[in-house]
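Fair warning: this is a prediction, and the values are worked out from it, not measured in the lab.
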Amino acid sequence: MTMALIDMTINDYVNVLGSDAPAPGGGSASALAAAQGIALTKMVSELTVGKKKYQDYEEEMQAVRTEATHLQAELLAAIDKDTEAFNEVTAVFSMPKATDEEKAARKAAMQRALKIAANSPLAMMATIHQALQVTERAVGKSNTNALSDLAVAALNLKSGLMGAGLNVAINLGGIKDEEFVQATKEKSDALLNEGVAIADRIYENILKDM
C-alpha cells in the first residue's frame with residue numbers, strides 16, 4: 001500500500017480496513033474516530049463564532065476553533081502514523097535468523113519496534129485527551145442548535161481514546177523492558193481514566209440540556 005490512508009476515498013479506506021491486510025487496523029480506526037470527534041467540535045465552533053447570541057463567548061469559541069483545527073490535523077496524521085508504527089513490527093519478521101547473531105539482532109529489533117508501536121498510540125491518547133479538554137470548553141457556550149453534534153464529538157473522541165489505549169496495552173505485552181512497560185502503562189491509564197471522565201461529563205451535561 002503506497003497511498004497514504006488519509007488520501008484515500010472513504011470507500012477505499014473502509015475496503016482496505018475490512019480486508020485481510022494486517023494494517024490499517026484498530027489503531028488507525030481509533031485515530032479516525034478521534035479526528036471525526038474534534039472535527040465536530042470545530043464545526044460547532046464555526047456555527048457559534050460571529051453569532052450575536054453567543055457574543056459573550058466569542059473569544060473562547062475562537063480559541064476552541066483554533067485549537068480544534070490544530071488537533072484535527074494531528075489526529076488525521078495519526079491515522080497513517082499508527083500503521084507506519086505497526087509496519088516497523090512486521091518488518092522485523094523478514095530479518096534473517098539463521099545464526100545466533102542474527103537471532104539476537106532480530107530480537108533487539110523487535111523490542112525497538114514494539115516500543116515504537118506502543119509509543120504511537122500513547123501519543124495519540126495525549127492528543128485525544130487535549131481534544132476532549134477543548135471540546136468540554138465549548139459546552140454551555142456554543143450554538144444550542146448543534147448540541148447533539150458536540151455530544152457526538154465526545155463519543156467519537158472517547159472511542160478513539162479507548163481504542164488507542166488497547167493498542168498501547170497489546171504492544172506492551174511483548175516488551176521485556178519492565179521499566180518502560182510500567183511507565184508507559186501508568187501514562188496510558190492516567191490519560192484513559194481522565195479522558196473517559198471528561199467525555200462522559202460532556203455527554204451527560206449536554207443530555208441535560210436537550
| query | Do the side chain of Asp12 and the main chain of Met8 share a donor and acceptor less than 3.5 angstrom apart? | reply | no
Worksheet entry | Candidate pair Tyr203 and Lys158, rule side-chain contact (heavy atoms from CB on, under 4.5 Å), full reasoning | CA-CA 10 Å; Tyr203 182 81; Lys158 179 181 177 180; over 6 Å; no
Should we count NZ of Lys81 as having more than 12 external heavy atoms under 6.0 Å?
no
* To do: Assess whether atom OH of Tyr13 is packed by more than 12 heavy atoms of other residues, nucleotides or ligands within 6.0 Å.
  => yes
Stepwise salt bridge (charged side-chain N to carboxylate O under 4.0 Å, His left out) test for Arg112 and Glu88: CA-CA 9 Å; Arg112 288 193 297 272; Glu88 292 277 347; over 6 Å; no
Closest non-hydrogen contact found for Arg137 with Ala63 is NH2-CB, 3.7 Å
Here the pair of heavy atoms bringing Gly163 nearest to Ser30 is CA-OG, 3.2 Å
Between the CD atom in Glu74 and the CD1 atom in Ile38, the distance rounded to the nearest 0.5 Å is 10.0 Å
Checklist entry - Are Met95 and Phe86 connected in the hydrophobic side-chain network, where two residues link if heavy atoms are under 4.5 Å apart? => result no
Between the CG atom in Asp209 and the CD atom in Glu204, the distance rounded to the nearest 0.5 Å is 12.5 Å
Find out if a path of hydrophobic residues (ILVMFWY) with successive side-chain heavy-atom gaps under 4.5 Å connects Met162 to Leu166. no
* **Distance-only side-chain donor-acceptor flag, Gln182 / Glu186, under 3.5 Å** => yes
Closest non-hydrogen atoms of Ile206 and Ala151, given as atom of the first, atom of the second and distance, are CD1-N, 3.5 Å
Under 3.5 Å, is there a donor-acceptor pair between the side chain of Asp7 and the main chain of Met3? no
For residues Met124 and Leu5: do they belong to one hydrophobic cluster (side chain heavy atoms under 4.5 Å, members Ile, Leu, Val, Met, Phe, Trp, Tyr)?
no
State plainly whether one hydrophobic cluster holds both Ile116 and Met125, where clusters connect Ile, Leu, Val, Met, Phe, Trp and Tyr through side-chain heavy atoms under 4.5 angstrom apart.
no
Practice task
Step by step, work out the side-chain contact (heavy atoms from CB on, under 4.5 Å) result for Leu122 and Leu191.
Solution key: CA-CA 9 Å; Leu122 182 66; Leu191 289 166; 4.1 Å; yes
The residue among Glu58, Arg65, Glu59 that forms side-chain hydrogen bond (donor to acceptor under 3.5 Å, both in side chains) with Gln62 is Glu58
TODO: May I ask you to check whether over 12 heavy atoms, not counting those of Tyr54, lie within 6.0 Å of atom OH?
DONE: yes
Rounding to 0.5 Å, atoms CG (Asp200) and CG (Leu207) come to a distance of 11.5 Å
Please confirm whether the backbone N or O of Lys185 pairs with a side-chain atom of Ser188, one donor and one acceptor, at under 3.5 Å?
no
- Is the closest side-chain heavy-atom distance between Val44 and Leu40 below 4.5 Å? no
- Can you find a side-chain donor-acceptor pair between Asn156 and Ser159 that sits under 3.5 Å? no
From the list Thr69, Leu76, Leu75, side-chain contact (heavy atoms from CB on, under 4.5 Å) with Gln72 holds only for Leu76
Note: Asp82 and Pro121 closest approach over all heavy atoms is OD1-CD, 4.2 Å
Worksheet item: When you check the gap from the basic side-chain N to the acidic O, do Asp56 and Lys141 get nearer than 4.0 Å?
Response: no
- Message: Between Leu32 and Leu17, is there shared hydrophobic-cluster membership here, with clusters defined by ILVMFWY side-chain heavy atoms closer than 4.5 Å?
- Response: yes
If you count the non-hydrogen atoms of other residues, nucleotides and ligands that lie under 6.0 Å from NZ in Lys97, is the total more than 12? no
Heavy-atom nearest pair, Ala146 first then Leu47, reads CB-CD1, 4.2 Å
Correct closest heavy-atom pair for Val16 and Ser19 would be O-OG, 2.8 Å
- Between Ser94 (side chain) and Ala91 (backbone), is there a donor-acceptor pair under 3.5 Å? yes
Separation between OG1 (Thr48) and CG (Asn143), nearest 0.5 Å, reads 5.0 Å
*Evaluate salt bridge (charged side-chain N to carboxylate O under 4.0 Å, His left out) for Glu46 paired with Lys42, printing each intermediate quantity in order.*
CA-CA 6 Å; Glu46 295 283 7; Lys42 182 177 179 294; 2.9 Å; yes
- Message: Using only atom types and a distance under 3.5 Å, with no angle test, would you say the side chain of Gln111 pairs donor to acceptor with the backbone of Lys176?
- Response: yes
### Message
Please check: side-chain N/O of Thr90 versus main-chain N/O of Asn87, any donor-acceptor pairing under 3.5 Å?
### Response
yes
Rounded to the nearest 0.5 Å, the CG atom of Leu157 sits from the CG atom of Leu71 at a distance of 9.0 Å
**Message:** With a sphere of 6.0 Å drawn around CG of Leu147, does it hold more than 12 non-hydrogen atoms of other residues, nucleotides or ligands?
**Reply:** yes
Exercise for the section: Evaluate the side-chain contact (heavy atoms from CB on, under 4.5 Å) criterion for residues Val92 and Lys107: first the C-alpha distance (whole Å), next the side-chain angles of each, then the deciding distance (0.1 Å), finally the verdict. Expected result: CA-CA 9 Å; Val92 176; Lys107 286 181 180 179; over 6 Å; no
Rounding to 0.5 Å, atoms OG (Ser142) and CE (Met43) come to a distance of 10.0 Å
Check your understanding: Is there a donor-acceptor pair closer than 3.5 Å between any side-chain N or O of Thr135 and the backbone N or O of Ala131?
Key -> yes
